[in-house]
Enquirer: 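One structure follows; several queries about it will come next.
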Amino acid sequence: KYPKFIPAYHQRSELKKRLGDAKGADRDYFAAWNIEEKAKADKAAGKKAKKTTEAADSTKEMFDINKYNRMIAGVTLDKDKDQYQNPMRGRVQDKTAEIELEPLFSLTYYEKLKPGPVRRILDLSKYLPEGSTVSIKNFSNLLISNSEQALTTEQAEAHFTSLDEYSQRIGLAPNDANLFFARGLDFALVQDINNAMQDLDHAIVLNNKMVLAYFERAILRYRKMNVDYANKQSEAESAVSNLQHRSDASKNINSDVSPKTGSFSLGEKAFGNDFEFVLRDLDKVVTLEPNFIYAYYNMGNIRCLQRDYRNALIDYSKALDINPDFAEAWFNRGITQIYLGDREHGLADLRMAGQLGLYKAYSIIKRLGD
């Protein structure tokens with residue numbers, strides 16, 4: 001009845017893909033694409049889009065597509081008290097979304113619910129240590145996620161209990177790399193980064209082919225960088241505040257600090273060689289396991305933080321070559337291409353991310369495409 005209703009094409013394309021109808025999914029996706037492109041061309045030429053009038057008179061009276069679009073256009077993500085929480089309710093391209101990269105992936109047992117289909121695009125089983133943990137979790141429940149859920153009080157207590165149990169077992173088997181790896185995960189989950197890194201260091205010394213240990217240590221290195229940076233920032237701001245009360249403040253402020261804000265520069269100036277240690281661990285992961293797509297993705301994110309956008313594109317592309325269903329990699333590659341000024345390919349990647357279920361891409365497409 002409404003052949004130009006683009007969100008319906010995108011949703012039907014997703015459903016056809018789940019049913020294994022790849023050709024039908026592509027047909028709907030490109031039908032939506034063509035409608036969008038034609039609308040842009042018409043707008044550029046100063047033409048008015050034609051109204052859809054094929055519906056029967058009785059249907060028109062009951063449901064006017066133009067009124068419907070006006071009604072749902074204002075729906076945004078920050079209406080937390082809305083009765084309906086379905087992320088597809090309303091026009092997804094009108095949802096509010098920040099233009100920033102999807103975050104890094106890490107190991108966890110707890111994951112927040114995200115809009116759209118859950119895609120497990122890498123089987124972790126071949127990388128997991130044999131045997132189960134001694135606490136509430138089994139390695140078979142381990143996930144790689146970039147939407148980690150904060151622990152409840154009960155979960156935190158359970159992991160502290162697990163830490164004690166692992167410490168006892170390590171005392172009896174000090175050369176068991178799996179125990180150090182498992183205890184390191186517990187330390188990471190309770191935010192004890194230093195002890196987590198020490199355990200992963202031990203695990204890698206005992207087994208230098210433990211892919212997940214290198215992967216998680218890279219994440220912990222990155223988190224530690226941010227903690228250290230935050231502490232350094234706080235100290236700098238405090239120093240600037242104190243110096244502002246002295247007549248010779250401008251002579252004594254460290255050159256790495258901005259006198260106006262007390263802030264440190266991001267990138268190599270702030271972190272020194274720390275980025276390289278993160279990349280070194282991730283490079284070790286793909287050396288041991290060339291198809292470990294999350295390592296390529298995380299490397300892309302780190303390179304973006306270094307403003308090395310062209311090599312970031314290479315990393316995201318490697319992940320997508322291995323598995324083209326990686327929505328977050330499409331999204332981040334699209335954002336990166338837009339950073340580099342390649343708007344056309346950037347928007348194309350964002351459309352693919354949206355088709356794969358990362359619906360916030362449609363909001364960014366609308367903002368950048370108008």
Enquirer: Salt bridge between Glu148 and Arg223, side-chain N to carboxylate O under 4.0 Å?
Expert: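 Salt bridge: yes.
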
Enquirer: Do Ile170 and Arg183 come close enough that some side-chain heavy atom pair is under 4.5 Å?
Expert: yes

Enquirer: Between Gln149 and Thr108, is there a side-chain heavy-atom distance shorter than 4.5 Å?
Expert: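 No, too far: nothing below the 4.5 Å cut-off.
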
Enquirer: Does the gap between the ring centers of Phe215 and Phe292 come in under 6.0 Å?
Expert: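 Yes; Phe292 has its ring centre under 6.0 Å from that of Phe215.
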
Enquirer: Are Met197 and Phe277 linked, directly or through other ILVMFWY residues, by side chains that come within less than 4.5 angstrom of each other?
Expert: no

Enquirer: Looking at the rings of Tyr110 and His159, which for Trp means the six-membered one, are their centres under 6.0 Å apart?
Expert: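 Ring centres of His159 and Tyr110 closer than 6.0 Å.
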
Enquirer: Ring-plane angle category for Phe105 and Tyr297, please: parallel below 30°, perpendicular beyond 60°, tilted otherwise.
Expert: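 Judged by the thresholds at 30° and 60°, the geometry between Phe105 and Tyr297 is perpendicular.
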
Enquirer: Compute whether any side-chain donor of one residue and acceptor of the other, for Ser13 and Gln355, lie under 3.5 angstrom apart.
Expert: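 Checked: Ser13/Gln355 side chains pair up, N/O donor to acceptor below 3.5 Å.
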
Enquirer: With the side chain counted from C-beta on, respond yes when Leu206 and Asp176 share a heavy-atom pair under 4.5 Å apart, and no when they do not.
Expert: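 Sidechains of Asp176 and Leu206: no contact.
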
Enquirer: With a 3.5 Å cut-off and no angle check, do the side chains of Tyr214 and Asp283 form a donor-acceptor pair?
Expert: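 Absent: no donor and acceptor within the cut-off.
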
Enquirer: Compute the centroid of each ring, for His10 and then for Tyr362, and state whether the two points are separated by less than 6.0 Å.
Expert: yes

Enquirer: Please say yes or no: joined through hydrophobic side-chain contacts below 4.5 Å, possibly via intermediate residues, are Ile322 and Phe326 part of one cluster?
Expert: yes

